[in-house]
Amino acid sequence: MSQRLLIDNVRVRYGEAVALDGVSLDVSAGAVVAVVGPSGCGKSTLLRCIAGLEPLASGRVELGGRDLAGVPTHERDLGLMFQDHALFPHLSVSANVSFGLSMQGRSAAEQRARSEELLDLVGLGGFGDRSVGSLSGGEAQRVALARALAPSPGLLMLDEPLGSLDRVLREQLTADLRRLVRELGITALHVTHDQAEAFALADHIVVLREGRIEQQGPPEALWRSPVNRFVAEFLGHPNLWRFGGAFVLAPITTISVAADGEIIATVEDREFAEGQHRLIGRVDEAPDTDLVGQRIVFRSDVGPAIGDRVGLHLSAPPRALEGMSPGDTSES
Ligand code: ADP
Ligand code: MG
């Protein structure tokens with residue numbers, strides 16, 4: 001049964017280093033929460049301490065109203081899934097899925113039925129007798145998900161579960177995961193460094209930075225009102241400028257190759273993605289603004305070279321971001 005997760009002022013240390021510093025989080029039963037942040041910010045540590053794999057220096061973790069202090073990992077009512085799916089190589093697919101159930105002492109018939117049910121659910125009906133070694137990467141991750149879900153845990157925790165897959169598989173599995181967690185109504189904590197994955201899956205997003213929660217809230221609210229430059233850039237706002245005493249978000253600009261436009265910039269970097277050139281420039285001229293010297297990101301069907309000067313037009317007027325103070329200097 002889905003449970004509410006309550007994390008209260010948790011601190012975790014590795015020797016002198018503080019990996020989590022006063023983290024509090026309230027995840028209601030059935031909610032899907034994404035924890036995002038750059039590598040090393042403490043995402044895995046958060047999951048590990050909820051699982052009882054790292055001791056708390058202080059604070060409290062409760063699941064379904066039960067304080068988890070002193071409760072061993074296997075009695076915490078959790079389903080865990082990690083990037084390296086860590087299936088048991090000597091067991092069949094079916095035995096992997098029902099592993100948690102056999103630990104709970106369920107009958108062989110029960111294990112078989114539940115395993116078939118879960119494999120159907122993750123789109124692997126009929127795979128039960130296969131050996132783990134015969135699975136593709138995407139299939140193995142589906143088996144790992146079925147295994148995590150089989151005992152109907154109160155909380156499902158996923159640590160970058162799609163990180164090792166290629167993009168197409170990742171998008172497919174993201175969609176399946178979204179359908180699954182909604183259908184099952186399971187409480188889920190999903191860790192990822194990929195903001196797009198977080199937006200695709202979560203009802204609530206938590207942005208971690210150096211062991212602290214920088215901001216949390218519903219995806220739309222975070223996107224509309226990032227509290228600072230770090231959050232805005234991490235969520236993927238490309239053009240964030242100080243403009244007339246406010247932080248503004250400039251929509252992707254259109255480009256003319258001739259060096260005329262509202263903004264003149266020099267191309268500093270380029271990549272080709274989804275049929276278009278994505279370019280990063282530095283603003284040289286922008287009359288009546290304070291944009292000179294700032295970074296600008298834009299897309300173009302034509303690909304100017306690095307070092308070219310280009311003229312840019314805004315495709316819509318810049319929009320002020322709510323909530324971000326123009327005095328905010330915190331950089332990423
Ligand atoms: P993330 O999952 O966001 O990449 P982690 O939770 O793995 O971050 O790590 C947070 C910080 O704690 C990092 O600085 C990392 O180097 C450090 N850390 C993680 N695990 C250990 C450990 N077992 N011993 C010492 N330091 C660790
Ligand atoms: Mg990690």
Side-chain angles (χ1 to χ4, degrees), residues 5-25 27 32-61 63 68-69 72-73 76 78-87 137 140-141 144-145 147-148 155-167 169-170 173-174 177 181 187-202 204-217 219 222 226-236 330-332:
L5 171 71
L6 204 59
I7 297 174
D8 181 29
N9 207 13
V10 156
R11 284 168 66 88
V12 174
R13 300 166 170 281
Y14 295 112
E16 287 298 288
V18 178
L20 290 178
D21 192 6
V23 169
S24 297
L25 190 59
V27 183
V32 180
V33 172
V35 179
V36 300
S39 179
C41 70
K43 303 182 296 296
S44 295
T45 301
L46 180 62
L47 295 200
R48 291 176 58 79
C49 77
I50 295 167
L53 300 168
E54 298 295 343
L56 304 183
S58 63
R60 210 175 136 79
V61 177
L63 186 63
L68 294 184
T73 300
R76 289 191 172 204
L78 305 171
L80 299 173
M81 182 179 168
F82 299 111
Q83 180 171 344
D84 55 342
H85 43 79
L87 296 174
Q141 283 306 66
L145 181 61
R147 181 178 62 178
L155 171 68
L156 176 68
M157 297 205 291
L158 308 134
D159 194 351
E160 312 219 15
L162 313 176
S164 61
L165 306 174
D166 66 50
R167 191 174 55 83
L169 259 182
R170 211 162 57 222
L173 267 167
T174 301
L177 200 52
V181 290
T187 316
L189 205 52
H190 183 102
V191 157
T192 173
H193 63 269
D194 179 354
Q195 38 84 16
E197 199 177 298
F199 279 115
L201 283 168
H204 187 95
I205 296 180
V206 176
V207 182
L208 261 190
R209 179 190 195 182
E210 293 173 10
R212 292 168 173 272
I213 294 181
E214 197 81 346
Q215 187 173 8
Q216 58 172 308
L222 254 66
V227 292
N228 58 31
R229 187 175 196 112
F230 173 84
V231 173
E233 288 183 343
F234 191 80
L235 296 180
S330 76
E331 301 284 337
S332 53

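When a ligand or atom number is given, it counts from 1 through the structure's own listing order. No hydrogens, no waters, no symmetry mates; every other heavy atom, side chains included, goes into these values.
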Sub-4.0 Å atoms of ligand 1 with respect to non-hydrogen atoms of Thr45
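Going through ligand 1 atom by atom, the ones under 4.0 Å from Thr45 are 5 (P), 6 (O), 9 (O), 10 (C).
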For [atom], what is the nearest protein heavy atom, given as residue, atom name and distance?
atom                    : value
atom 8 (O) of ligand 1  : Gly42 N, 3.3 Å
atom 10 (C) of ligand 1 : Gly40 O, 3.4 Å
atom 20 (N) of ligand 1 : Tyr14 CZ, 3.4 Å
atom 7 (O) of ligand 1  : Ser44 CB, 3.8 Å

Exceeds 12 heavy-atom contacts within 6.0 angstrom, atom CD of Glu210
no
Work out whether the distance between some heavy atom of Cys41 and some atom of ligand 1 is less than 4.0 Å.
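Under 4.0 Å: yes for Cys41.
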So [Y] and [X], do their side chains get closer than 4.5 Å, heavy atoms only?
X     : Y      : answer
Tyr14 : Glu54  : yes
Met81 : Gln141 : yes
Leu63 : Arg76  : no

Answer yes or no for atom 13 (C) of ligand 1: protein heavy atom present at a distance under 4.0 Å?
yes
Would you say atom 16 (O) of ligand 1 makes contact with the protein, given that contact here means a non-hydrogen protein atom less than 4.0 Å away?
no
Check whether any N, O or S atom of Ser44 sits under 2.8 Å from the Mg ion (ligand 2).
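Under 2.8 Å: Ser44 contacts the Mg ion (ligand 2) through an N, O or S atom.
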Interatomic spacing from CZ in Arg212 to CG in Asp21 - rounded to 0.5 Å
4.0 Å
Work out which heavy atom in Ile7 is nearest to a heavy atom in Val23; give both atom names and the distance.
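Scanning both residues, the minimum pair turns out to be CG2-O, 3.4 Å.
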Indicate yes or no for a side-chain donor-acceptor contact from Thr187 to the backbone of Leu155 under 3.5 Å, with no hydrogens or angles considered.
no
